Enquirer: 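Below is the structure I would like to discuss, written out as structure tokens.
Everything numeric in this text was worked out from a predicted model, so none of it was measured.
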Amino acid sequence: MKGGELIAQYLVQEDIPYIFGICGHGNVGILDALYDVKDKLTLISPRHEQCAGHMADAYFRVKHKPVATLTSTGPGSANMVMSCATALSDSSAFLCITSNVPTSQHNRAPFQELYKHNQADFAQVMRPVVKRAFQPTRVDMLPLALRQAMDTMVTGRPGPVNLDIPYNVYQEEDAVFLPSSSHIHRNHRPGANENDVETVLSMMSDAHKPVLFIGHGATLSEAGVEILELAEKLQIPVITSPNGMGVIPGDHPLALGFIGRNGAYPANEAGRRADLVITLGTRFDDRSSSSWHAGYSWNFPKTRLIHVDIDPQELGRNYVPDLGIIADVKVFTRQLLKALSVQNAINATKYAPWLSEVKGWQSQWETFIKP
């Protein structure tokens, strides 16, 4: 099989419906292979490579399923940096296929090779803006690189992955077979251990002014049903980051809007006065934390913090949690709901005085913004 055929057939196997990209001298070797599978994989060509990346990013944000991009050597692929950086920042995944100079010309400074520090060094350009960069230099290296690229892209915290292909690899042949299918996105959903769930219940029992703070991790986990059930069961107000908006209905009585320097008054009032914050899939960036100015949006460490995130790097990055849990938001919330139903240890009346206080801020805010 030719390298280009292997790539095209693998994308079809993984149910990738679209590849957004622009033709160039570096990627002409895969175009016939893409044409052969055009009934299953549609090539859409925008006017600019950066747009291709933003289109792929947008598709994942809506469908929570990845697509691919295709660019040529040099400046065409360099245009992908901005769209990959955007996707990486917001945990949005797509397979960024870039092209490079032929392996026979590595380190000879052919047209559009980066060679100052290492031959065919474009992968180092992409390194800060993707989860991982792969550069298979032979057709027989493609099956492993393709599978690892797909696995890396869609497991754990999603993000873009770069597959940098020397353009002779598109046309060269080898006795290769399609790799086995990747892990299907969202099948890998880690949960909290039982002791941590018990600790969460204990901290909730001790609290009088809890809030839920939900972000993009809750969006990607599609945990809206579970979060709403938890909030309604215990009558706990819900604060969102901007990317957490829409997880629960924005007009729900328990929804306080998004928090931070651009946020809503009731969200900031509740955030700074809460005695327990249960954070589900958000990372306390500068906007949702008002540049970490103590007492403006949050009051850590005076306020106790339970931080749940699928990415261990985000636990404690900005605020040290009293309890950090590496887990999928949907799975964790289901675990907590099950534990609450079994133990029946917390009643919504416990938080009624706090909710009355929160409703006062909501009323003030509505009066202020109504005109």
Side-chain angles (χ1 to χ4, degrees), residues 196-215 218 223-241 244-245 247-260 263-282 284 288-290 293-308 319 321-323 325 329 332-333 335-370:
D196 282 346
V197 175
E198 290 292 326
T199 302
V200 172
L201 289 178
S202 176
M203 293 173 70
M204 293 175 72
S205 296
D206 292 341
H208 298 280
K209 299 180 177 183
V211 296
L212 298 174
F213 178 38
I214 62 176
V225 171
E226 289 79 8
I227 291 173
L228 189 58
E229 182 181 347
L230 176 64
E232 290 180 339
K233 182 181 181 70
L234 298 180
Q235 291 296 290
I236 298 177
V238 180
I239 297 170
T240 65
S241 74
M245 294 178 69
V247 174
I248 70 168
D251 58 358
H252 193 281
L254 292 170
L256 305 188
F258 66 92
I259 196 168
Y265 172 75
N268 281 292
E269 289 294 307
R272 68 167 68 105
R273 287 176 168 79
D275 61 4
L276 174 65
V277 177
I278 302 174
T279 298
L280 303 175
T282 190
F284 292 107
S288 62
S289 302
S290 299
H293 184 71
Y296 191 90
S297 291
W298 308 107
N299 239 327
F300 306 117
K302 181 180 178 181
T303 302
R304 302 183 81 188
L305 173 61
I306 298 169
H307 194 166
V308 181
Y319 296 118
D322 295 271
L323 177 62
I325 298 175
V329 170
F332 168 78
T333 311
Q335 289 178 290
L336 189 55
L337 284 166
K338 182 178 180 181
L340 285 166
S341 65
V342 170
Q343 297 192 18
N344 202 24
I346 305 171
N347 191 287
T349 57
K350 175 179 175 60
Y351 306 134
W354 167 238
L355 188 60
S356 177
E357 194 174 354
V358 170
K359 286 182 176 178
W361 298 322
Q362 287 177 297
S363 178
Q364 291 178 49
W365 182 239
E366 288 299 322
T367 301
F368 178 75
I369 65 173
K370 190 173 183 179

Enquirer: How long is the gap from CD1 on I239 to CG on N268, to the nearest 0.5 Å?
Expert: 8.0 Å
Enquirer: Find the distance between OG1 (T349) and CD (Q235) and round it off to the nearest 0.5 Å.
Expert: 10.5 Å
Enquirer: Short question: side chain of E226, backbone of V329 - any donor-acceptor pair under 3.5 Å?
Expert: no
Enquirer: When you measure from the side chain of S290 to the backbone N and O of S297, does any donor-acceptor pair fall under 3.5 Å?
Expert: no
Enquirer: Check A207 against D275 and note the closest heavy-atom contact, atom names and distance.
Expert: CB-OD1, 3.6 Å
Enquirer: Say you draw a straight line from CD1 of I214 to CD1 of I227; how long is it, rounded to the nearest 0.5 Å?
Expert: 4.5 Å
Enquirer: Side chain to side chain contact (heavy atoms under 4.5 Å, CB included) with E357: which residues, sequence neighbours excluded?
Expert: K209, R273, W354, W361
Enquirer: If you look at every heavy atom in A339 and V197, which pair is closest and at what distance?
Expert: CB-CG1, 3.7 Å
Enquirer: Kindly indicate whether the side chain of L234, heavy atoms from C-beta on, has any atom under 4.5 Å from the side chain of M204.
Expert: yes
Enquirer: How far does CG of L212 sit from CG of L254, to the nearest 0.5 angstrom?
Expert: 9.0 Å
Enquirer: Does S202 have any side chain to side chain contact (heavy atoms under 4.5 Å, CB included) partners at least two apart in sequence or in another chain, and if so, which?
Expert: D206
Enquirer: Can you check whether V238 reaches L228 side chain to side chain, under 4.5 Å on heavy atoms?
Expert: no
Enquirer: Using only atom types and a distance under 3.5 Å, with no angle test, would you say the side chain of H208 pairs donor to acceptor with the backbone of L276?
Expert: no
Enquirer: Taking only residues two or more places apart in sequence, or in another chain, which ones meet E229 in a side chain to side chain donor-acceptor pair (under 3.5 Å)?
Expert: none
Enquirer: Work out which heavy atom in H307 is nearest to a heavy atom in P321; give both atom names and the distance.
Expert: CB-CB, 3.9 Å
Enquirer: Mind checking side chain to side chain donor-acceptor pair (under 3.5 Å) for S356 and listing every partner two or more places apart, or none if nothing turns up?
Expert: none
Enquirer: Please enumerate all residues that pass side chain to side chain donor-acceptor pair (under 3.5 Å) together with E366, with sequence neighbours excluded.
Expert: none
Enquirer: Might you point out which heavy atoms bring A255 and P249 nearest each other, and give the distance in Å?
Expert: CB-O, 3.6 Å
Enquirer: I'd like to check Q335 versus V200 (side-chain heavy atoms, cut-off strictly below 4.5 Å). Are they in contact?
Expert: no
Enquirer: Please find the pair of heavy atoms, one from I346 and one from S205, that lie closest to each other, and give the distance.
Expert: CG1-OG, 3.7 Å
Enquirer: How would you list, by chain and number, every residue that makes a side chain to side chain donor-acceptor pair (under 3.5 Å) with T333, sequence neighbours excluded?
Expert: none
Enquirer: Under the side chain to side chain contact (heavy atoms under 4.5 Å, CB included) test, which residues partner D322, sequence neighbours left out?
Expert: M203, R304, L305
Enquirer: Here's a test for you: under side chain to side chain contact (heavy atoms under 4.5 Å, CB included), which of P353, P266, S363, P237 qualifies with V358?
Expert: P237
Enquirer: Write down the atom of K233, the atom of L337, and the distance for their closest heavy-atom approach.
Expert: CD-CD2, 4.2 Å
Enquirer: Working to the nearest 0.5 Å, report the span between CZ of F213 and CD1 of I278.
Expert: 13.5 Å
Enquirer: Atom CD1 in I236, atom CG in L230: separation rounded to 0.5 Å?
Expert: 5.5 Å
Enquirer: Taking side chain to side chain contact (heavy atoms under 4.5 Å, CB included) as the test, write out the residues that go with H293, two or more places apart.
Expert: Y296
Enquirer: Would a 4.5 Å heavy-atom cut-off, applied to side chains only, mark L201 and L336 as touching?
Expert: yes
Enquirer: Sequence neighbours excluded, which residues qualify as ring pair (Phe, Tyr, Trp, His ring centres under 6.0 Å) partners of F300?
Expert: F284, W298, Y319
Enquirer: Can you check whether N299's main-chain N or O pairs, donor with acceptor, with R272's side chain at less than 3.5 Å?
Expert: no
